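Structure record follows, encoded as structure tokens.
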Amino acid sequence: MATSLPNLYSFPNTEALAKQLRPYVLRCQHAALARHNTFRVAVSGGSLPAVLAKALLADHNGSPEDTPQFSKWQIFFADERAVPLDDKDSNYLLLKDELLSKIPAELGAPTVHPIDEKHVHDDDTQALADAYQEDLMRSFAAKESVKLPIFDLILLGCGPDGHTCSLFPGHELLREKDAWVAPETNSPKPPPKRITLTLPVVTSASHIAFVATGGGKKEILKAIFDNEEGRSLPSALVNHGAGDKVSWFTDHPAVEGIAFPRRGSL
Ligand SMILES: O=C(O)[C@H](O)[C@@H](O)[C@H](O)[C@H](O)COP(=O)(O)O
């Protein structure tokens with residue numbers, strides 16, 4: 001467990017949030033490119049892709065610090081539903097519609113790692129998870145074997161029940177220690193069959209950012225940040241496991257009444 005605390009940022013609205021998310025992501029990009037000339041990032045579904053697009057596709061000033069170098073990005077999915085890539089429930093399709101299809105040619109094209117469609121209709125979702133884990137192993141381990149993949153950045157949402165990725169409250173999967181990617185066959189949020197990065201992979205990332213907006217998140221964020229009983233919620237477990245590597249990008253309605261100290265800017 002980390003001894004440091006997560007950073008909780010709060011902004012008046014999604015536009016202001018996106019303006020701050022941009023330099024945060026680009027700082028992670030520059031640090032990663034300096035270290036290994038590639039930027040490995042994992043993204044969730046839900047409302048995140050739209051906010052990320054707002055941040056990254058905004059007008060830019062052309063300086064290297066303010067420019068996404070998408071040709072050096074490798075984009076993975078923090079979780080994905082067991083559906084074909086053109087299904088309306090696919091997180092890949094969501095990201096494609098919101099962001100990938102709108103990247104101007106001069107910013108380059110990222111390498112995207114979708115799930116292997118040939119396993120989406122298997123009765124057992126394990127094969128889909130295994131195939132994705134093999135993709136991660138090829139992408140992260142190169143020649144030598146690594147214990148865990150270290151993402152440069154993982155971008156997450158937080159559900160109204162405190163779930164993140166497809167890690168749901170009380171599910172056995174929260175105790176997974178060995179697998180990098182695991183199946184979830186009983187998701188309370190439809191569709192039920194999914195794959196997800198596991199908690200050790202999430203907390204090992206260099207940077208982890210949550211985006212959570214709207215008054216509908218107020219109760220659960222209070223439980224995560226202020227209440228002892230919220231400690232076992234999946235999003236709180238990420239906070240406890242990764243400490244100040246975690247940054248929460250919220251709007252004011254989502255954190256109304258929360259005692260945990262907030263920061264106004266990065
Ligand atoms: O595929 C999924 O269902 C998502 O990855 C999921 O984990 C999402 O991030 C949260 O449910 C928050 O969603 P919102 O941002 O839409 O509230």
Side-chain angles (χ1 to χ4, degrees), residues 1-9 17-18 20-44 48-49 51-52 55-56 64-80 95 99 108 110-113 132-133 135-158 164-165 167 176-182 196-212 224 234-250 263 265-266:
M1 287 287 143
T3 50
S4 56
L5 295 173
N7 304 294
L8 176 57
Y9 299 104
L17 184 161
Q20 295 295 317
L21 184 63
R22 179 187 179 93
Y24 170 85
V25 172
L26 293 180
R27 277 209 291 273
C28 294
Q29 169 195 265
H30 288 296
L33 296 187
R35 212 174 319 125
H36 40 232
N37 200 33
T38 182
F39 183 39
R40 289 181 291 223
V41 49
V43 298
S44 313
L48 178 84
V51 181
L52 187 61
L56 295 174
E65 301 73 42
D66 190 43
T67 306
Q69 296 185 42
F70 284 117
S71 58
K72 302 217 167 146
W73 286 44
Q74 291 200 52
I75 303 183
F76 298 84
F77 291 86
D79 67 327
E80 178 58 289
L95 187 73
L99 175 68
T111 302
V112 183
H113 295 259
Y132 207 65
Q133 176 159 324
D135 186 352
L136 289 191
M137 284 177 164
R138 281 190 298 275
S139 304
F140 281 84
K143 292 188 187 73
E144 77 279 23
S145 63
V146 290
K147 245 184 108 203
L148 281 170
I150 313 260
F151 281 93
D152 298 306
L153 172 64
I154 301 190
L155 289 155
L156 299 172
C158 170
T164 190
C165 299
L167 299 167
E176 178 61 52
K177 294 268 181 300
D178 300 319
W180 296 5
V181 182
T196 182
L197 296 181
T198 57
L199 203 49
V201 172
V202 174
T203 56
S204 296
S206 299
H207 299 90
I208 302 134
F210 282 89
V211 173
I224 291 166
S235 300
L237 294 175
V238 175
N239 280 351
H240 293 304
D244 64 3
K245 293 192 298 175
V246 185
S247 295
W248 284 76
F249 290 78
T250 67
R263 295 158 188 260
S265 62
L266 276 85

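Because the structure is a prediction, the values reported are computed rather than measured. All residue numbers refer to positions in the sequence shown, counting from 1.
- Contacts of His240 classified as side chain to side chain donor-acceptor pair (under 3.5 Å), with partners at least two apart in sequence or in another chain: none.
- Ser206 has its side chain within reach of Ile150: a pair of non-hydrogen atoms, C-beta onward, lies under 4.5 Å apart.
- When each of Val43, Leu136, Val181 is tested with Phe76 by the rule side chain to side chain contact (heavy atoms under 4.5 Å, CB included), just one qualifies, namely Leu136.
- With sequence neighbours excluded, the residues satisfying ring-ring contact (aromatic ring centres under 6.0 Å, His included) with Phe249 are Tyr9, Tyr24.
- Here the shortest heavy-atom pairing between Ala42 and Phe77 reads CB-C, 4.5 Å.
- Contact check for Val238 versus Leu199: side-chain heavy atoms found under the 4.5 Å cut-off.
- Side-chain contact between Leu95 and Pro49: present, with at least one pair of heavy atoms (C-beta onward) separated by less than 4.5 Å.
- A donor-acceptor pair under 3.5 Å links the side-chain atoms of Trp180 to the main chain of Lys147, judged by distance alone.
- Here the CD atom belonging to Gln69 is positioned 8.5 Å from the CG atom belonging to Asn37, to the nearest 0.5 angstrom.
- A 4.5 Å side-chain heavy-atom check between Pro6 and Phe210 finds every atom pair outside the cut-off.
- Glu65 and His30 are not linked by any side-chain donor-acceptor pair at a separation below 3.5 angstrom, with hydrogens and angles left out of the test.
- Under the rule for a side chain to side chain donor-acceptor pair (under 3.5 Å), Thr3 has no partner lying at least two apart in sequence or in another chain.
- For Ser44 (side chain) and Leu155 (main-chain N/O), a donor-acceptor pair under 3.5 Å exists by modelled atom type.
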Pair Val41, Gln29 - check side chain to side chain contact (heavy atoms under 4.5 Å, CB included), show working. CA-CA 9 Å; Val41 49; Gln29 169 195 265; over 6 Å; no
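- The backbone N or O of Leu8 sits nowhere less than 3.5 Å from a side-chain atom of Arg263 that would complete a donor-acceptor pair.
- Under the side chain to side chain contact (heavy atoms under 4.5 Å, CB included) test applied with Trp73, the options Thr111, Leu56, Val112 reduce to a single match, Leu56.
- Note that the CD1 atom of Ile208 and the OG atom of Ser235 stand 11.5 Å from one another [nearest 0.5 Å].
- Although no hydrogens or angles enter the test, the distance criterion places a donor-acceptor pair under 3.5 Å between the side chain of Ser4 and the main chain of Asp244.
- The minimum heavy-atom distance between Ala182 and Thr198, with the atom names listed, is CB-CG2, 3.9 Å.
- One finds the CG atom of Leu197 at 8.0 Å from the CG atom of Asp79 (value rounded to the nearest 0.5 Å).
- Residue Leu153 holds its CG atom at 8.0 Å from NE2 of His207, rounded to the nearest 0.5 Å.
- Formation of a donor-acceptor pair under 3.5 Å by the Glu176 side chain with backbone atoms of Ala179 is found in this model.
- In this structure, CG on Asn239 lies 9.0 Å from CG on Leu5, to the nearest 0.5 angstrom.
- Nearest heavy-atom pair, Pro68 versus Arg22, reported as atom, atom and distance to 0.1 Å: CD-NH2, 3.9 Å.
- Between atom NE2 of residue His113 and atom CZ of residue Arg40 there is a gap of 9.0 Å, rounded to the nearest 0.5 Å.
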